[in-house]
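Reminder, nothing fancy here: chain letters follow the sequence lines and each chain counts from 1.
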Amino acid sequence: MRGKLFRNNELYLFIIIVLFSIVITIINPSFLTIENMFDLIKSSSGMAILAMGMFIVLLSGGIDVSFTAVAIAGQYIAVNTLIATGVDNLLLAFAISCAVGVFLGAINAVFISLFNLPTLITTLGTLSLFHGALTEFVGTKSINTGQLPDCFKSFGHMNILTLTRADGTTYGLSVFALILLGVIVLSWLILRYTVLGRGIYAIGGNYTAARRGGLNIRFIQFFIYMYVGFLAGIMGVMHLSLIRYSNPNYIVGTELSVIAAVVIGGSRITGGSGSILGTMLGVIMIVILEKNLVLIGLSSYWHQFFIGLIIIVGVSATYIQNRMRRGRSVLAGGMG
Amino acid sequence: MMKRGSHNLTLFIILVAVTILISISLPNKFLTLINFQSMTGQFPEFGLLALAMMLAMLTGGIDLSVVSVANLSGVVAALILSKVTGLPIGLVILLAILAAVGTSAACGLFNGVLISFVGVPPILATLGTQGLFIGIAIVVTEGYSILGFPEEFLFIGTGELFLLPMPLVLFIIVALIVAFILRKTRQGFYMRMLGSNPTVSRFSGVSNRMVLLKTYLLAGILAGVAAVVMISRVNSMRPGYGYAYLLQAVLVVILGGTDPKGGFGTVLGVVMAILMLQVIQSGSNILAFTPFFKKFIWGLMLLLVMVINFFMNRIREARSKGLGDVREKDAA
């Protein structure tokens with residue numbers, strides 16, 4: 001943020017997004033309208049929030065694949081509680097969903113921090129554990145629009161900015177954008193101005209050095225995984241309000257798209273690198289691609305293929321760049 | 001190292017105990033021939049995937065793409081089996097098997113190049129190829145199943161050889177080959193050395209890159225063999241089949257005593273862990289557990305096993321401290 005606005009990686013990504021948008025606009029002129037942009041922001045802000053969490057985990061040198069199970073658990077428990085108690089309050093829904101998220105995040109942190117277990121395998125286990133527990137003990141029934149408490153519906157329709165079309169009907173920018181902005185600013189403040197945030201960079205950059213330097217690694221790791229859970233909780237409620245339908249099998253299985261977004265944003269799993277700007281550009285790239293596959297003449301069957309391809313191209317670019325930057329150092333470049 | 005070998009003995013005792021426990025709690029149901037035959041019919045395909053996973057973990061990596069590789073190879077073989085006509089049936093089957101193994105070798109090689117030459121960490125590389133390979137399988141089949149293979153081909157998945165199910169025979173052969181590679185060849189030794197300390201391995205004149213490349217190539221080929229067994233047993237192929245195997249493969253590899261940080265792992269340990277999982281699986285089938293509850297249990301087991309290993313290591317380290325066996329283990 002200081003000095004250069006765009007670092008190399010982000011600049012390339014930005015150029016690709018612009019070129020891609022031009023191509024799509026040529027095929028479909030309605031792409032580059034304010035209305036469509038508002039729509040894209042609304043439907044992708046949930047994913048962007050998950051990506052923020054993922055970015056912070058990768059920054060610390062870990063990975064979390066359980067966040068989708070956390071998001072759906074938060075959502076499903078929140079909506080069921082609201083229906084069961086008859087309370088129609090959005091804040092309560094957020095509170096429940098986020099509390100579930102923070103709690104499940106803390107479980108991840110217990111394994112990762114106290115028992116020093118590998119983050120990928122731990123979260124692979126908790127993904128199965130959380131989702132299995134949700135579907136076995138909470139339920140598997142979907143909640144359709146009719147049963148849904150009104151607060152979610154009105155939240156889904158809430159706009160912070162309303163514009164009028166030529167024919168007099170209106171459209172607007174969803175309040176989701178404001179929430180996303182809040183999450184971005186909060187994460188940025190934490191990473192930039194708190195000891196905790198600097199600690200996240202430090203343990204990602206060099207774990208041993210961070211430990212010897214006297215950082216409270218246990219506390220930092222607990223914070224990271226609980227914060228991811230918190231963000232997943234927010235996303236859970238937003239997702240429900242967007243599609244007005246809750247199924248305990250939704251969201252789970254979309255991990256790869258979120259990871260792809262963060263990874264092409266320049267984050268390395270070896271920690272300590274990447275930026276919020278890069279992450280958001282990564283999300284934009286993935287969202288534009290996902291929404292326009294059909295438009296450029298490819299059926300939805302290509303979705304998985306492209307997500308995989310993007311991850312591979314993204315990480316390869318990041319690691320090749322990194323290798324060239326480090327030059328021919330003897331100790332570097334070995335295992336990556 | 002001597003003490004680590006005792007892990008297999010512990011595992012064996014637990015295996016026997018679990019088997020006895022389930023047999024007693026489910027009399028007349030568990031200890032039947034049919035149950036055993038159905039058990040041994042299921043586990044080879046997933047055991048092969050677990051062996052592939054184990055090879056990657058031995059070098060300190062992981063291969064998240066094994067199920068996807070098996071899917072893509074399975075689709076390729078299934079297409080040949082169902083579409084190629086006019087050739088003698090034996091030739092078509094041979095062609096299909098070669099194509100499956102060839103595809104999987106290509107996938108493995110791709111993983112290997114990404115990891116060793118491009119320098120992408122195994123987690124991200126195989127996470128990407130996981131999507132890519134299954135993506136290709138989905139694009140090729142457009143999500144549909146490919147059904148109906150020649151009768152002769154089904155022998156691989158459903159036939160018997162000297163009363164033993166064919167998949168089991170295949171699994172035993174492959175497991176022995178993998179064990180041989182790990183114990184008796186240079187590659188096996190290098191893999192363990194690389195897994196326990198890449199820097200040492202590098203400065204001992206070992207080409208880490210080539211060792212990793214071969215490791216992921218081998219893992220790919222194992223997934224290809226799994227694919228052949230898989231499509232032959234089910235007599236169809238649908239992209240996405242066997243997705244639950246990924247977690248289970250990780251589970252048995254770790255249960256089998258493989259160190260996810262690299263350097264240690266045995267085929268025998270993995271095989272016993274597979275048997276144990278299969279016994280539990282079979283027991284839970286008889287008890288009619290829901291798939292959701294099984295998912296919960298597998299996740300819980302994986303975490304518990306790792307926590308138990310954590311404490312075992314701690315005890316071991318405390319004991320060996322006096323002997324001067326100091327191992328810096330804090331680099332995560």
Check your understanding: When you check the side-chain N and O atoms of B/N111 and B/T126, is any donor under 3.5 Å from an acceptor?
Key ->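 Absent: no donor and acceptor within the cut-off.
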
With a 4.5 angstrom heavy-atom cut-off, could you sort out which part of [X] is near chain A: side chain, backbone, both or neither?
X: B/V118; value: both
X: B/F117; value: backbone
X: B/F310; value: side chain
X: B/L124; value: both
X: B/F289; value: neither
X: B/L251; value: neither
X: B/L132; value: both
X: B/I254; value: side chain

To the nearest 0.5 Å, how far apart are [atom1] in [X] and [atom2] in [Y]?
X: A/I200; Y: A/I56; atom1: CD1; atom2: CD1; answer: 5.5 Å
X: A/I107; Y: A/F130; atom1: CD1; atom2: CZ; answer: 4.5 Å
X: B/L247; Y: B/K294; atom1: CG; atom2: NZ; answer: 13.5 Å

Counting only heavy atoms from other residues, nucleotides and ligands, does the tally under 6.0 Å from [atom1] of [X] exceed 12?
X: A/F219; atom1: CZ; result: no
X: B/Y144; atom1: OH; result: no
X: A/Y201; atom1: OH; result: yes

Counting heavy-atom pairs closer than 4.5 Å to chain B, which one of [options] comes out on top?
options: A/L256, A/T140, A/T318, A/I307; result: A/L256
options: A/I121, A/T122, A/T119; result: A/I121
options: A/T135, A/I311, A/V313; result: A/T135
options: A/G62, A/A260, A/S316, A/P118; result: A/S316
options: A/L114, A/I312, A/I203; result: A/I312

Exercise for review: Report yes if the side chains of B/Q187 and B/T215 come closer than 4.5 Å at any heavy-atom pair, otherwise no.
Suggested key: yes

Give, as side chain, backbone, both or neither, the part of [X] having an atom under 4.5 angstrom from any heavy atom of chain B.
X: A/L124; value: both
X: A/V315; value: both
X: A/F115; value: both

For chain A, the option from [options] that forms the most heavy-atom pairs under 4.5 Å:
options: B/I138, B/V139, B/I62, B/L246; answer: B/V139
options: B/L303, B/T129, B/L127; answer: B/L303
options: B/F311, B/F133, B/F293, B/W298; answer: B/F293

Practice item. Run the numbers on A/Q75 and A/S246 for side-chain hydrogen bond (donor to acceptor under 3.5 Å, both in side chains), then give the verdict. Key: CA-CA 8 Å; A/Q75 173 195 108; A/S246 181; 2.8 Å; yes

Review point. Hey, do the aromatic rings of A/Y250 and A/Y76 have their centres closer than 6.0 Å?
Key: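 That pair fails the under 6.0 Å test.
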
Exercise for review: Let me see the working for A/N108 and A/T126 under side-chain hydrogen bond (donor to acceptor under 3.5 Å, both in side chains), right down to the final yes or no.
Suggested key: CA-CA 7 Å; A/N108 275 332; A/T126 52; 2.7 Å; yes

Review point. Once the angle between the rings of B/F296 and A/F137 is folded into 0 to 90°, is it parallel (under 30°), tilted (30 to 60°) or perpendicular (over 60°)?
Key: perpendicular

